[in-house]
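Since the structure comes first, as structure tokens, the remarks are kept for the end.
Below, read A as the first sequence line, B as the second, and so on, with proteins coming before strands; counting in each chain starts at 1.
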Protein chains: 2
Amino acid sequence: MPFTYEYPHPAVATDIAVFTLRRGALNVLLIERAAEPFRGAWALPGGFLQPDEELDACAQRELREETSVDADLLVHFGNFSAPGRDPRERVISVAYLALLASDELRIAADTDAAQARWFPIDGLPELAFDHATILRRALEALGSRARQISPLFALLPPRFTLSQLQGAYEAVIGEEVEKRNFRKMVANLECVRETDDFVHGAHRPARLYEPA
Amino acid sequence: MPFTYEYPHPAVATDIAVFTLRRGALNVLLIERAAEPFRGAWALPGGFLQPDEELDACAQRELREETSVDADLLVHFGNFSAPGRDPRERVISVAYLALLASDELRIAADTDAAQARWFPIDGLPELAFDHATILRRALEALGSRARQISPLFALLPPRFTLSQLQGAYEAVIGEEVEKRNFRKMVANLECVRETDDFVHGAHRPARLYEPA
DNA sequence: CTGCTAAGTGTGAATCCGACACTAAGTTAG
DNA sequence: CTAACTTAGTGTCGGATTCACACTTAGCAG
């Protein structure tokens with residue numbers, strides 16, 4: 001480790017896998033690239049680190065610029081540093097995952113994107129760069145975090161029914177669980193508090209809960 | 001995300017928290033800095049990313065250069081990007097933790113280090129840069145990984161007794177566990193295989209085990 | 001040969017996990 | 001008005017896992 005660092009510095013960027021629930025299915029936000037390389041291909045939103053900006057702040061800023069919302073959950077889950085992963089120059093990508101409640105999405109394509117769209121995770125297009133790898137790792141990280149339940153609140157409105165919570169859990173985990181067992185698990189995790197209000201739908205009203 | 005990236009690139013480095021067991025206690029490898037800034041202070045080993053080098057490879061190379069061994073376990077656990085964390089220039093630090101069996105240590109101070117030494121984790125000196133923060137986070141990450149037992153093999157010789165394994169577990173977790181329960185847990189994790197050999201010490205010989 | 005010390009095993013209580021079926025309370029259609 | 005439908009919500013039992021307890025075993029040392 002020489003005192004003077006004579007090697008060229010790589011570029012550093014954040015990429016964000018933004019997830020939401022739409023009609024019960026897990027969706028991810030992709031942008032269509034407006035410029036070369038990979039012009040016309042779909043990619044994860046992201047952008048370069050600015051001077052004197054922290055990595056977390058960079059991810060948050062990029063996300064706000066792309067969706068005009070602040071993420072309720074924004075966590076780092078890995079770095080991607082393969083030489084040549086960006087044909088322009090060396091780019092180290094710091095990858096984050098973010099969760100959004102589906103009713104707070106204002107997708108706005110920015111200058112680098114022709115359009116921005118949600119895709120269900122089982123119907124993805126080809127992705128630019130190594131973003132397919134990044135997204136696969138994001139899904140793994142999300143799955144293991146979701147077992148603590150509380151990260152899921154970010155996918156739901158401020159108050160929600162237990163059926164909604166279970167739906168989010170199943171969509172993220174990728175498998176179904178018994179209703180009774182799920183409720184028992186939530187009960188002794190003590191991460192939700194019941195309210196006095198009910199939501200009236202097509203059938204028996206469901207009690208609303210909120211994060212504890 | 002403009003096509004041309006006009007911002008200055010930050011430097012990118014890896015820092016490695018190398019842990020081992022010495023006389024039953026968890027120790028971490030520190031180097032004494034030979035140059036400014038923080039000349040004379042203790043710091044985690046680490047160094048700058050080279051062109052066309054992956055981050056994992058950088059951590060492995062730096063570790064080999066500092067200790068002349070290959071780590072049995074080398075995992076990324078976080079990035080540190082606070083502006084000003086290095087007074088020379090902007091440096092993004094990609095942090096790894098590594099585990100070594102205590103009998104394979106050949107510590108060799110390199111050009112940037114006056115000396116390299118093991119410190120027990122409850123007797124640490126003041127650390128340079130933000131390395132105290134990095135080390136704290138490393139210990140948390142190590143603690144949660146160690147619950148799967150198998151990472152601990154990296155701290156032990158190729159064949160070991162269950163008492164050694166339990167000692168490593170307790171040192172990393174930071175609390176004591178019941179002997180009988182620990183053995184039951186190891187048994188149905190099915191991560192070790194018993195051998196036909198015993199180690200003869202001061203008292204009743206102990207059976208040797210190896211990773212399954 | 002006796003005593004010390006670390007290795008290794010058994011057991012019972014409490015708790016958690018998973019599969020089972022039923023009751024409750026609204027809406028809607030006839 | 002009422003009957004049928006659909007989703008919300010609860011009880012229970014057996015098996016497995018967790019945890020705290022105490023005893024036996026085997027080699028070494030004096």
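Side-chain N/O atoms of A/His203 and base N/O atoms of D/dT6 include a donor-acceptor pair closer than 3.5 Å. Within 3.5 Å, no donor on the side chain of A/Lys184 pairs with an acceptor on the base of D/dG11, nor the reverse.
The side chain of A/Pro205 lies closest to C/dG26 when the candidates are C/dG26, D/dG9, C/dA7.
Look at CZ on B/Phe198: it is 16 Å from P on D/dT25, rounded to the nearest Å. Counting to the nearest Å, the C1' atom of C/dC17 and the CZ atom of A/Arg180 are 12 Å from each other. Here the C1' atom of nucleotide C/dT9 and the CG atom of B/Asn181 are 12 Å apart, to the nearest Å. Rounding to whole angstrom units, CE of residue B/Met185 and P of C/dG8 are separated by 17 Å. When rounded to the nearest whole Å, the span between CZ of B/Arg204 and C1' of D/dT24 equals 8 Å. Rounded to a whole Å, the CG atom of A/Leu189 is 13 Å from the C1' atom of C/dC17. The distance from atom CZ of B/Arg147 to atom C1' of D/dT17 is 17 Å, rounded to the nearest whole Å. Rounded to whole angstrom, the span from the CD atom of B/Gln164 across to the C1' atom of C/dG8 amounts to 16 Å.
B/Thr161 comes within 4.0 angstrom of nothing in the nucleic acid, heavy atoms only.
Between B/Trp42 and B/Phe119, the ring planes lie perpendicular to each other; the angle is over 60°, past the 30° to 60° tilted range. B/Phe80 and B/Phe77 have perpendicular rings, their planes meeting at more than 60° on a 0 to 90° scale where under 30° would count as parallel.
Comparing A/Ala202 and A/Lys179 by the nucleotide of DNA chain C that holds the closest heavy atom to each, the one mapping nearer the 5' end is A/Lys179. Residues B/Glu178 and B/Asn188 each lie close to DNA chain D; by heavy-atom proximity, the contact nearer the 5' end of the strand is made by B/Asn188.
For A/Arg183, a side-chain nitrogen or oxygen approaches OP1 or OP2 of D/dG9 to under 4.0 Å.
Closest approach of A/Leu208 and A/Thr195 over heavy atoms only: O-OG1, 2.7 Å.
When the side-chain contact (heavy atoms from CB on, under 4.5 Å) test is applied to A/Gln148, the partners found at least two apart in sequence or on another chain are A/Ser150, A/Pro151.
Ion pair A/Glu140/A/Arg136 not flagged as a salt bridge, since none of the NZ, NE, NH1 or NH2 atoms sits closer than 4.0 Å to an Asp/Glu carboxylate oxygen.
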